[in-house]
**Student:** 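Here it is: the structure, laid out below.
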Amino acid sequence: IENKEVVVPGQLLAKGMDYIPGAGAYRTGEEIYANRVGLISINGRALKLIPLSGPYMPKRDDLVICQVNDIFMSGWRINLFTSNSAMLPLKDATNSFVSKGSDLSRILGIGDFIAAKVTGVTTQKLVDLSLKGPGLRRLTGGQIVKFSPTKFPRLIGKSGSMVSLIKDMTGCFIIVGQNGRVWVSGEPEHEVLAVQAINMIEKLAHTSGLTDKVKIFLEEKMGKSYDDVREEREAKRAERQANNNFGDNNDDGDDYEEDN
């Protein structure tokens, strides 16, 4: 069996004891079989299946992109875009003091999108969320893209390689929610390109060599190579840093003149 190959239930994946069955696979004697349709992932000795479709199942510490759909005295009801009901308690939404009876819509209003973390899932499938943590916040501007939750690993890529490629090529800010929503924010024409790349990944998630395909697509659309784009961004970053340092030095000089 080849890594990233699409398999079907009952398909033989490996023989012998050299491999260990993971999620979506099972062993019968010395043979390992698939128990669902999915993309085979080989990591060392472990064989697991990445499902190609299916609903999002919330887990503690998941990063999710979701939307406020109701406001209560103690917090907000949140749409996770799944069958689970989610709540964002006031205590987990802000570190600021909020007096009793305050208008919570001043903090988060109905229709607002947020990047939040799952802090708990009850046996009744009720989900608790938090906005306390790096990068967790209300999302302003940009656009929300729908993406299959089961293909989340393909959009992220190995060690974040795929989403980093899109960020580097387009210069967009991108947050990938494990619940199948992606926030993209940048220059309008670059947002469009980033969304096209995301849709391409979802469509071709079952194929091999996907990172190279996306890289070629982005290079053709941008009219320049990945290396050239990175060099340009590094040069701009260095220029901004130099300007900041120049400003700091000028400030120091002004202070010196005023003090003397």
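Note that the coordinates shown come from a computational prediction; the quantities given were computed from them, not determined experimentally.
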**Student:** Among side-chain atoms of Ser105 and Asp103, is any donor-acceptor pair under 3.5 angstrom?
**Tutor:**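 A pair is found: one side chain offers a donor N or O, the other an acceptor, under 3.5 Å apart.
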**Student:** Tell me, do Lys203 and Lys151 make a side-chain contact under 4.5 Å, heavy atoms counted?
**Tutor:**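 SC-SC contact between Lys203 and Lys151 ruled out.
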**Student:** With no hydrogens and no angle check, do the side chains of Tyr56 and Asp62 hold a donor and an acceptor under 3.5 Å apart?
**Tutor:**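 Yes.
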**Student:** For Ser159 and Ser161: C-alpha separation, side-chain torsions, deciding distance, then whether side chain to side chain donor-acceptor pair (under 3.5 Å) applies.
**Tutor:** CA-CA 6 Å; Ser159 301; Ser161 59; over 6 Å; no
**Student:** Could you tell me whether Glu234 and Arg237 have a side-chain N and a carboxylate O separated by less than 4.0 Å?
**Tutor:**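 A salt bridge is present here (some side-chain N lies under 4.0 Å from a carboxylate O).
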**Student:** Side chains of Leu90 and Trp76: closer than 4.5 Å at any heavy-atom pair?
**Tutor:**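 The answer is yes; the side chains approach within 4.5 Å.
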**Student:** What closest approach, in Å, do Leu129 and Thr119 show between heavy atoms, and which atom pair accounts for it?
**Tutor:**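 What the structure gives for the nearest pair is N-OG1, 3.9 Å.
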**Student:** Identify the heavy atoms of Pro58 and Asn84 that sit nearest to each other, and give their distance.
**Tutor:**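 Nearest pair, atom of Pro58 first, then Asn84: CD-OD1, 3.5 Å.
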**Student:** Cation over ring, Arg181 on Phe81, under 6.0 Å and within 45°?
**Tutor:**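 Yes, Arg181 lies over the aromatic ring of Phe81.
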**Student:** Does the distance from a Lys or Arg side-chain N to an Asp or Glu carboxylate O, for Lys224 and Glu232, drop under 4.0 Å?
**Tutor:**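 Salt bridge between Lys224 and Glu232, a charged N being under 4.0 Å from a carboxylate O: yes.
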**Student:** Can a donor-acceptor pair be found between the side chains of Ser102 and Ser99 at a distance below 3.5 Å?
**Tutor:**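 Checked: Ser102/Ser99 side chains pair up, N/O donor to acceptor below 3.5 Å.
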**Student:** Do Val176 and Leu63 have side chains that get closer than 4.5 Å, going by heavy atoms?
**Tutor:**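 Of all side-chain heavy-atom pairs linking Leu63 with Val176, none is under 4.5 Å.
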**Student:** Just how far is it from atom CG of Asp18 to atom CD1 of Ile20, taken to the nearest 0.5 Å?
**Tutor:**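 Between atom CG of Asp18 and atom CD1 of Ile20 there are 10.0 Å.
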**Student:** Between Ser85 and Arg77, is any pair of side-chain heavy atoms under 4.5 Å apart?
**Tutor:**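 Ser85 vs Arg77: side chains touch.
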